[in-house]
Amino acid sequence: MKYDMKSMKAEEFINDGEILDTVRYAEEHKNDIALIDKILAKARLCKGLSHREASVLLACDNKEKVQEIYDLAEQIKKNFYGNRIVLFAPLYLSNYCVNGCLYCPYHLKNQHIPRKKLTQEEIANEVIALQDMGHKRLAIEAGEDPVNNPIEYILECIRTIYSIKHKNGAIRRVNVNIAATTVENYQKLRDAGIGTYILFQETYNKKNYELLHPTGPKHNYDYHTEAMDRAMEGGIDDVGIGVLFGLDNYQYEFAGLLMHAEHLEAVHGVGPHTISVPRVKRADDIDPTEFDNSLTDEMFCKIAACIRIAVPYTGMIISTRESAEVREKIIRLGVSQISGASRTSVGGYCEEERPHDTEQFDVSDDRTLDEVVNWLMRSGYIPSFCTACYREGRTGDRFMELCKSGQIQNCCHPNALMTLKEFLLDYASDDTRKIGEAMIEKEIGNIPKEKVQQIVRERLTKIAAGERDFRF
Ligand code: SAM
């Protein structure tokens, strides 16, 4: 098998030989200061790095250079994403699953987990509970089960979610995280108006992938790895990739992840919309220490920084799998989206207490959405509930253009402030509202165009008078 980033065959664009060579090359050059300086100089142009270049940075352990990597990641994040953090929540539809994934509690052989699939009425109740917190953006999740969770069920759920209008609430963007499927099904998801299609690779190492997925349709590495190409062929412009860190060694996964991004860019002219960086967590029937590839928090942050530098225009997502402490550190280094107040169990949002029996993984950050919003603002970030881009047709390369042209500050920044205002009025505690109003006032001044500032002020007044859903 030869390496070819433009190939449509999984084993050619995620080529084992190329990854092993890259990891070796990075190890051999990790103290080559001249090379590292050259790579950092290229990175400062904000046009990205190849998987090899980024792997050298990841391997580098020279203290001074590592600090430069962190500083640059922070700078790039500020340039492209400002101080905004987009908020979302996962919504678990069904934990029926026919796969045998060794790290996931939903695996078929797990007999002591109650199986549950939400009815449309239950979904409506979950959505109302999520709207009452202030959420506008969801990521729906389901196990793979052609009988219990066919595509028609997923499509019906999406229709239900978009249809619920409760008080001032609305879910304006539904991202979808379901198993790899066919081009026809991706077309149906596109027609249903989804935002991003998300699928984690879990591990890019084919041998290990097959061991970790011993049974079920997910066992097929090539079908899974080529899913994003089918999704794009089906007309989905925004796709989100990720690995489940801890399953294999991180150097291998890091190179694979960037090669996947390079492949999508080379073939479809646009790279992934987002990269997620989940880590394996303890769960029912799952002991993460069994995988023995766990990462230190420090290395985890370094991975995030190197991703930020390597793909400056790609959003980065962190979930409540991580503690508030890790999230605080990693947000600075390049994360652009976080989940808040998540419940990873089927039907979890309607329960008073967070239920554990159908949970997919332990949540490490269990603060309420109001607490997360408050914390973000106290740390200097603008919590954003914006969903404008895809609703305005700014998907795929059109979104990337906006990002590259620097116009994001005239568009995403005002949208963040206007959606924050909605949150403050409809859902926030007194303390959060007070901090938020002061933040909005200050941040209006950071909108570059005066004309836009003026429009934002007018719209904020209209929002205070009861109007909703303004966007640029
Ligand atoms: N069933 C779909 C699939 O197979 O791609 C997607 C939904 S699954 C509910 C979402 C993701 O949760 C998986 O892709 C996996 O990376 C992650 N996951 C599974 N078990 C986990 C665990 N023990 N800790 C952390 N994340 C886990």
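When reading the values below, keep in mind they use all heavy atoms of this one structure, side chains included, and skip hydrogens, waters and symmetry mates. All ligand and atom numbering here is 1-based and tracks the order in the structure.
Residues passing the side chain to side chain contact (heavy atoms under 4.5 Å, CB included) test with E18 are Y3, N15, T22, H51, R52, M259, sequence neighbours excluded.
No donor-acceptor distance shorter than 3.5 angstrom exists from the side chain of Y221 to the backbone of N205, with no hydrogens or angles considered. A donor-acceptor distance shorter than 3.5 angstrom exists from the side chain of E253 to the backbone of Y204, with no hydrogens or angles considered. One N or O on the side chain of D365 and one on the backbone of R367 form a donor-acceptor pair closer than 3.5 Å.
The closest protein non-hydrogen atom to atom 4 (O) of ligand 1 is K218 NZ, 2.8 Å. Closest protein heavy atom to atom 21 (C) of ligand 1: Y103 O, 3.9 Å. Looking at atom 8 (S) of ligand 1, its nearest protein heavy atom turns out to be Q360 NE2, 3.5 Å. N177 OD1, 3.3 Å is the protein heavy atom nearest to atom 6 (C) of ligand 1.
Side-chain atoms of T203 and N208 form no donor-acceptor pair, as typed in the model, at a separation below 3.5 Å. A donor-acceptor contact under 3.5 angstrom links the side chains of H268 and D229, judged on distance only.
Side-chain rings of H213 and Y103 approach one another, their centers coming within less than 6.0 Å.
Contact atoms of ligand 1 toward R279: 25 (C) (distance under 4.0 Å to a heavy atom of the residue). Proximity to C104 (heavy-atom distance under 4.0 Å) selects the following atoms of ligand 1: 19 (C), 20 (N). The E141 neighbourhood of ligand 1 comprises atoms 7 (C), 9 (C), 10 (C), with distances under 4.0 Å to a heavy atom of that residue. Heavy-atom contacts of V280 reach the following atoms of ligand 1: 24 (N), 25 (C) (cutoff under 4.0 Å).
The minimum heavy-atom distance between A266 and M5, with the atom names listed, is CB-SD, 3.7 Å.
For A179, the heavy-atom gap to ligand 1 drops under 4.0 angstrom. Within the 4.0 Å heavy-atom cutoff, R282 does not count among the residues contacting ligand 1. Using a 4.0 Å cutoff on heavy atoms, A142 counts as a contact of ligand 1.
Residue K281 touches ligand 1 through backbone and side chain together, judged by heavy-atom distances below 4.0 Å.
By the 6.0 Å and 45° rule, R173 does not stack over the aromatic ring of F385.
Nearest residue to atom 17 (C) of ligand 1 from R321, E144, Q201, E202 is R321 (criterion: closest heavy atom). The nearest non-hydrogen atom to atom 5 (O) of ligand 1, considering only L199, N99, L93, D284, comes from L199.
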